[in-house]
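The block underneath contains the structure these notes are about, expressed in structure tokens.
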Amino acid sequence: MTELSRPDLLPDASLSTEEMESLQREIAQSAVFEDEFDIGSTPANQADAGNEPVFDPAVLSNPLAATASDADPPIVAGVDQAFLLEDEPERALSAVVAMRGGEVIERVYAITPLEIPYIPGLLAFREGAPILDALEELTVDPDLFLFDGSGRIHFRQAGIATHIGVLVDAPAIGVAKSLLCGDPAGDLEDLPAGTRVPIEANSRVDAPDGILLGYAVQTKQYESSSRYVNPLYVSPGHRVGPEMAADVVLELSSGYKLPEPVRLADSYADEAKTLDS
DNA sequence: GCGACAG
DNA sequence: ATCTTGTCGC
């Protein structure tokens, strides 16, 4: 159900490092780092739309959105991997959890041999094939993808969320638990839940210094405690702007650090891994 | 040469 | 990512 739009940009693990980096620059040029949704056609989203395309993230998690409109709420898919490193060769288990209006409508996974080791900046060439294999198992067609890892917050602005997003030409968001590169525009310690801090390009990023790459997003925080929760690093993958990416992640987060589709994909991957071995 | 580096 | 016990807090 998830069609490849750009088979010429597949993450070929047999390429040289230079060729991989070159492909990533090509992907970054094909990527759209601003809102370009063809979804969200609910009364709430159409009201007072003017000429600007609008999209209210609330339709993603509101089960009632279906009845408030003649159309179903958009389908959001969370994607995450678990690994079978004792195997020879090592294999990856990629899990996808599809949700609509806050409810799970499908869960699939695929197990795929790994071709190369983990190399910072080249993650898509290790995990791309497993992810695409899992997406092929899907019978529904997601309107939006959330990936574990970076999107535009990447040395060449082509993290795994951007790479896969461009391949299937679908709105995609990168959700990372640690920062690969870029500079936070402020203090990230003990941020209140619901807040965000810009992540800007620096000399290590193939983009003008200061360009907004994404946000550190605080989806969860302890009330009155001596410890604090670290933020997530959210960035546009494809067809989503940085503001909307952060809005969507906050909307899909409910009581846990990770947005629900990714959190469920994470636990499903572990579950399926145990079930397999 | 040294540091930095998603999962 | 994965390997794991204890520990803090509601």
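By convention in this document, chain letters (A, B, ...) are assigned in the order of the sequence lines, proteins followed by strands, and residues within each chain are numbered from 1.
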Considering all heavy atoms, the nearest [X]-[Y] contact:
{"X": "G182(A)", "Y": "V205(A)", "result": "N-CG2, 4.2 Å"}
{"X": "A207(A)", "Y": "Q157(A)", "result": "CB-NE2, 3.5 Å"}
{"X": "M1(A)", "Y": "D141(A)", "result": "O-OD1, 3.3 Å"}

So, are [X] and [Y] salt-bridged, with charged N and O less than 4.0 Å apart?
{"X": "E243(A)", "Y": "R196(A)", "value": "yes"}
{"X": "E115(A)", "Y": "R126(A)", "value": "no"}
{"X": "D35(A)", "Y": "R239(A)", "value": "no"}

With a 4.0 Å cut-off on heavy atoms, is [X] in touch with a base, just the backbone sugar-phosphate, or nothing at all?
{"X": "L93(A)", "value": "nothing"}
{"X": "S178(A)", "value": "sugar-phosphate"}
{"X": "A92(A)", "value": "nothing"}

Atom-to-atom span, [atom1] of [X] to [atom2] of [N] - whole angstrom:
{"X": "E86(A)", "N": "dA1(C)", "atom1": "CD", "atom2": "C1'", "result": "12 Å"}
{"X": "I131(A)", "N": "dA1(C)", "atom1": "CD1", "atom2": "C1'", "result": "13 Å"}
{"X": "D87(A)", "N": "dT2(C)", "atom1": "CG", "atom2": "P", "result": "13 Å"}
{"X": "F83(A)", "N": "dT2(C)", "atom1": "CZ", "atom2": "C1'", "result": "10 Å"}
{"X": "I160(A)", "N": "dA1(C)", "atom1": "CD1", "atom2": "P", "result": "13 Å"}

Segment of DNA chain B, first to last nucleotide, that comes within the 4.0 Å heavy-atom reach of chain A: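 Contact span on the strand: dC5(B) to dG7(B).
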Under 4.0 angstrom between K273(A) side-chain N/O and dT2(C) OP1 or OP2: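 So the side chain of K273(A) is within the cut-off, an N or O lying under 4.0 Å from OP1 or OP2 of dT2(C).
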